[in-house]
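What you see is a predicted model, and the numbers here were worked out from it, not measured in a lab. Every number for a ligand or one of its atoms is a count from 1 in the order of the listing.
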Amino acid sequence: MKIAVVMGGLSAEREVSLNTGAGVLAALLERGHDAVGVDWQAGTSLPKLLDAAGAEVVWNALHGTYGEDGAVQGLCACLGITCTGSGILASALAMDKVASKRIFESHGVPTPRWRIVTGDAVDDFATPFVIKPGNEGSSVGVTIVEERAQLADALALARRHHGPVLVEEYIAGTEIFVGILDDAVLGSVEVRPATRFYDYEAKYKRTDTKYLLPPEVPADVVTRTQQYALDAYRALGCSGHARPDLRIDPAGNAFVLEVNTLPGMTKTSLLPKIAAKAGLDYASLCERILAGAR
Ligand SMILES: Nc1ncnc2c1ncn2[C@@H]1O[C@H](COP(=O)(O)OP(=O)(O)O)[C@@H](O)[C@H]1O
Ligand SMILES: [Mg+2]
């Protein structure tokens, strides 16, 4: 089978995706697969690139808009090419925070109390609360509002992005990412940013963000967190691999923020770290994801 590792893409996460793609391609070649890298960039046509590569399977190394939201999954379906990761609907639902939260609630998956903000007032939430755009990633446009005086700026920032703006109850405590592969939990990692929250800087730029593997919270809290993560993945209809994002309050209650369907997959990314701890090396993880292409 001719494998196209599709990377780069048109989203703000292009650079991260190029790193993911380079890592995955090297791993697949090292294991003897017939793989080629496809850098999808502005001004190029992905269907033509896939055709020129003779692609039979897409290993989707994209992140963000057009890669993670069902568009590429739909293109592959139309072209008769299989693709790794979640399908069209699950990808689209997971990328959309409003749709995700409605589905979590209808499946009994705990998620922070929220609503869509249409006007300029948020009187029904006590500070601190969170303002975020409904369709972004990488913490772009997210503000933790500590005092009401910050609200106007927070709304203006979130409204720079298309789609609805959400207000969410702020969950104090800690943050845990759960690694899921083929409908099973691989493990989880606790993230402790040195900044106020896990913002863009903490995710990609700073070196003082702490990653605790396994999480330093009681075992029963980890078990519950991982169960809710799997419930969220199943509720959205995900497949292949994913990395749900949860907040754990000081009493040990877990709340699902979102499910990332195309998490970073460089050798040092969180999902590969979680997999390594579970005894699955990087190249084997890339191959397991490949085997799940539908
Ligand atoms: N309700 C919340 N309570 C506490 N922190 C939050 C909440 N919502 C978001 N955050 C912080 O903001 C970060 C980004 O928010 P998230 O909803 O995961 O959006 P993104 O898609 O941008 O990652 C989270 O990783 C977390 O650190
Ligand atoms: Mg997140």
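Residues satisfying the salt bridge (Lys or Arg N to Asp or Glu O under 4.0 Å) test with Lys2, not counting sequence neighbours, are Asp34.
Rounding to the nearest 0.5 Å places CG of Leu262 at 10.0 Å from OG of Ser11.
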Exercise for the section: Decide salt bridge (Lys or Arg N to Asp or Glu O under 4.0 Å) for Asp153 and Arg148; before the verdict, give the C-alpha distance in whole Å, the side-chain angles of both, and the deciding distance to 0.1 Å. Expected result: CA-CA 10 Å; Asp153 284 348; Arg148 294 211 172 261; over 6 Å; no

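Closest non-hydrogen pair, Ala61 versus Ser17, comes out as O-OG, 2.7 Å. Residues Ser188 and Ile176 share a closest heavy-atom pair of CB-CG2, 3.7 Å.
Here Val117 sits in one hydrophobic cluster together with Val122, Phe125, Phe129, Ile131, Val145, Leu151, Leu155, Val165, Val167; the rule is ILVMFWY side chains under 4.5 Å apart, joined directly or through other members.
The distance between the ring centers of Phe104 and Phe255 does not fall below 6.0 angstrom.
Counting heavy atoms of neighbouring residues, nucleotides and ligands inside a 6.0 Å radius, atom NZ of Lys267 does not exceed 12 of them.
Each of Lys97, Pro112, Val130, Lys132, Glu136, Gly137, Ser138, Ser139, Val142, Glu168, Glu169, Tyr170, Ile171, Glu175, Phe197, Tyr198, Lys203, Asp245, Arg247, Leu257, Glu258 has a non-hydrogen atom positioned under 4.0 Å from some atom of ligand 1.
Of all protein atoms, those that are N, O or S and lie under 2.8 Å from the Mg ion (ligand 2) total 2.
Each of Arg288, Lys273, Arg31 was compared with Asp281 under the salt bridge (Lys or Arg N to Asp or Glu O under 4.0 Å) criterion, and only Arg31 meets it.
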